[in-house]
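In the text below, chain A, chain B and the rest are named by the order of the sequence lines, each starting its count at 1. For the numbers below, each heavy atom of this structure counts, side chains included, while hydrogens, waters and symmetry mates do not.
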2 protein chains.
Amino acid sequence: MKKGSKISNAVIKRLPRYRRYLNELKRKGVDKISSRELSDLIGYTASQIRQDLNNFGGFGQQGYGYNVEALYNEISSILGLDKEYKMVIVGAGNLGQAIANHTSYYKAGFVVCSLFEVNPKLVGIKINDIDVRDCEELVPYIEDNSIDIGIICTTKDAAQEVADKMSFAGVKGIWNFAAVDLEVPETVAVENVHLSDGLHSLAYHINRNHYFE
Amino acid sequence: MKKGSKISNAVIKRLPRYRRYLNELKRKGVDKISSRELSDLIGYTASQIRQDLNNFGGFGQQGYGYNVEALYNEISSILGLDKEYKMVIVGAGNLGQAIANHTSYYKAGFVVCSLFEVNPKLVGIKINDIDVRDCEELVPYIEDNSIDIGIICTTKDAAQEVADKMSFAGVKGIWNFAAVDLEVPETVAVENVHLSDGLHSLAYHINRNHYFE
DNA sequence: TAGATTGTTAATCGATTAACAATC
DNA sequence: TAGATTGTTAATCGATTAACAATC
């Protein structure tokens with residue numbers, strides 16, 4: 001990355017999307033692409049694509065363009081996808097189970113190590129080959145297993161307490177599916193999913209009949 | 001809403017959040033709030049809050065502030081949450097089931113009418129009291145039941161075809177959980193969830209140790 | 001070399017913040 | 001009326017787009 005300059009979040013949010021399209025190109029056997037061609041594909045301006053990439057280094061070659069595979073690898077590495085992340089999920093209800101399943105199938109590098117539940121009926125069972133443990137064990141489990149990411153799939157009322165425990169136990173990031181905004185120490189990154197918010201803004205657009213991203 | 005002026009998407013995306021906080025205040029019995037107090041709570045500047053709200057009308061009262069319940073109702077109505085939406089989910093796997101469950105519990109106004117699947121083992125069963133039908137029936141079902149919203153919980157490879165069918169059959173909006181960007185007619189609104197993208201940008205922030213929203 | 005396309009600086013556009021007059 | 005707080009205009013800030021010199 002370029003010296004000390006901090007990258008805007010708008011840029012970071014676009015990186016996974018670049019990566020998805022590059023992956024697709026790779027699959028199709030394309031090995032070179034220009035910012036212009038990428039623009040036609042993704043829908044960002046060629047100018048923006050070059051600006052975005054140049055925040056991290058000059059990955060292209062004048063007169064040629066970008067090497068698809070090399071660029072894919074660069075972006076993966078910028079995002080930290082060359083590392084492995086150990087995760088736990090709190091809340092083994094429908095959503096927690098779905099995330100457990102979804103994540104382990106699709107995302108090499110993100111490993112769900114355990115689920116946690118307050119409901120005693122679920123504690124002790126296995127879901128998708130992953131143990132469901134009692135929430136009481138959450139903190140020591142995170143500590144003992146060097147868990148990187150905590151995933152919150154609880155009700156909104158329980159979410160902040162879970163986030164506190166996770167932060168205390170030393171997770172580096174929280175992926176939050178509960179409908180609240182969490183307060184966490186600065187050292188912990190948070191990604192909120194807020195499904196209802198998305199559905200609500202969809203409702204707005206439906207009534208206005210506008211296409212949007 | 002103010003005459004013809006079109007509201008930026010950034011504003012729309014903040015509305016569900018305002019609404020969440022107002023709901024919380026309502027629950028606590030607070031009946032009046034100033035933009036300043038709301039700012040302390042939500043984290044947007046008081047100035048931004050007033051700007052946002054004034055896109056839709058003057059809901060406040062000088063020297064007093066905003067009436068919590070009235071403002072909550074206004075925002076709900078702007079978002080179109082005073083209407084009812086009939087929805088179908090395509091893909092009755094883990095994620096589809098979780099969304100079916102999650103949505104019917106938490107969101108009055110959003111009704112999941114049916115699930116659809118290609119896997120014959122699932123067709124015919126009920127999930128959470130909702131019938132699982134064969135994907136072949138998708139188009140006529142949407143037409144016959146005036147479905148408003150289609151929810152896509154399929155693999156990325158199937159998603160575009162499903163979106164085409166949904167659009168053809170006349171849905172007004174698509175809530176897309178598949179990891180692709182859909183092409184739909186202008187008359188159809190799309191809200192993408194792209195779970196992996198979120199996880200990937202979380203990975204970035206974990207490695208930079210930055211708090212972000 | 002000529003053509004193409006990047007990397008980067010400069011211009012524009014839009015969104016956020018500040019300021020303040022209007023008014024409850 | 002005096003105090004508070006909105007609604008709204010003006011100033012600032014940041015992000016996107018355009019332009020072009022560098023260079024493969």
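Distance CZ (A:Arg14) to C1' (D:dT16): 8 Å, rounded to an integer number of Å. Atom CZ in A:Phe56 sits about 16 Å away from atom C1' in C:dT8, given to the nearest Å. Note: CG (B:Asn55) to C1' (D:dT9) measures 14 Å, nearest angstrom. Rounded to whole angstrom, the span from the CG atom of B:Asp52 across to the C1' atom of D:dT6 amounts to 15 Å. Regarding A:Ile49, its CD1 atom lies at a distance of 17 Å from the P atom of C:dT8, rounded to whole Å. In this structure, A:Asn54 atom CG and C:dT6 atom P are separated by 10 Å, rounded to whole Å. Rounded to whole Å, the distance from CG on B:Asn9 to P on D:dA15 is 17 Å. Rounded to an integer number of Å, the gap from A:Lys13 NZ to D:dA15 P is 15 Å.
Salt-bridge formation is detected for the pair B:Arg17/A:Asp181: a Lys NZ or Arg NE/NH1/NH2 atom is positioned less than 4.0 Å from an Asp or Glu carboxylate oxygen.
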Please list, for nucleotides 17-24 of chain C, all pairs of protein and nucleotide N/O atoms separated by less than 3.5 Å.
from	atom 1	to	atom 2	distance (Å)
C:dT17	OP2	B:Thr45	OG1	3.1
C:dT17	O4	B:Gln51	NE2	2.5
C:dA18	N7	B:Ser47	OG	2.6
C:dA18	N6	B:Ser47	OG	3.4
C:dA19	N6	B:Arg50	NH2	3.2
C:dC24	O3'	B:Gln61	NE2	2.5
C:dC24	O2	B:Gln62	O	3.3

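Between B:Phe116 and B:Tyr141, the ring planes lie perpendicular to each other; the angle is over 60°, past the 30° to 60° tilted range. Taking the six-membered ring where tryptophan is involved, the planes of B:His200 and A:Phe110 are essentially parallel, since the angle between them stays under 30° and well short of 60°.
Contacts classified as salt bridge (charged side-chain N to carboxylate O under 4.0 Å, His left out) and involving residues 81-98 of chain A (residues at least two apart or in different chains) are not found. Listed by first then second residue, pairs satisfying salt bridge (charged side-chain N to carboxylate O under 4.0 Å, His left out) with a partner in residues 39-59 of chain A read A:Arg14-A:Asp52, A:Arg36-A:Asp40, not counting sequence neighbours.
For B:Arg208 and B:Tyr204, the positive end sits near the middle of the six-membered ring, less than 6.0 Å away and at most 45° from its axis.
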*Start with the C-alpha gap between A:Asp31 and A:Lys26, add the side-chain angles, then the distance that decides, and say whether salt bridge (Lys or Arg N to Asp or Glu O under 4.0 Å) holds.*
CA-CA 7 Å; A:Asp31 48 34; A:Lys26 212 162 55 111; over 6 Å; no
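Among residues two or more places apart in sequence or in another chain, the side chain to side chain contact (heavy atoms under 4.5 Å, CB included) test is passed with A:Ala163 by A:Ile152, A:Gln160, A:Ile174, A:Leu182, A:Val184.
A:Tyr66 has a side-chain polar atom (N or O) that falls below the 4.0 Å cut-off from OP1 or OP2 of C:dG7. A close approach under 4.0 Å does occur between a side-chain nitrogen or oxygen of A:Ser35 and OP1 or OP2 of C:dT6.
With pairs defined as Watson-Crick or G-U wobble and both atom distances under 3.5 Å, the stems of at least three pairs that touch DNA chain C come out as C:3-24 with D:3-24.
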N/O donor-acceptor pairs under 3.5 Å from side chains in residues 60-72 of chain B, not counting sequence neighbours:
from	atom 1	to	atom 2	distance (Å)
B:Asn67	OD1	B:Glu69	N	3.1
B:Asn67	OD1	B:Ala70	N	2.8
B:Tyr72	OH	B:Arg19	NH2	3.0

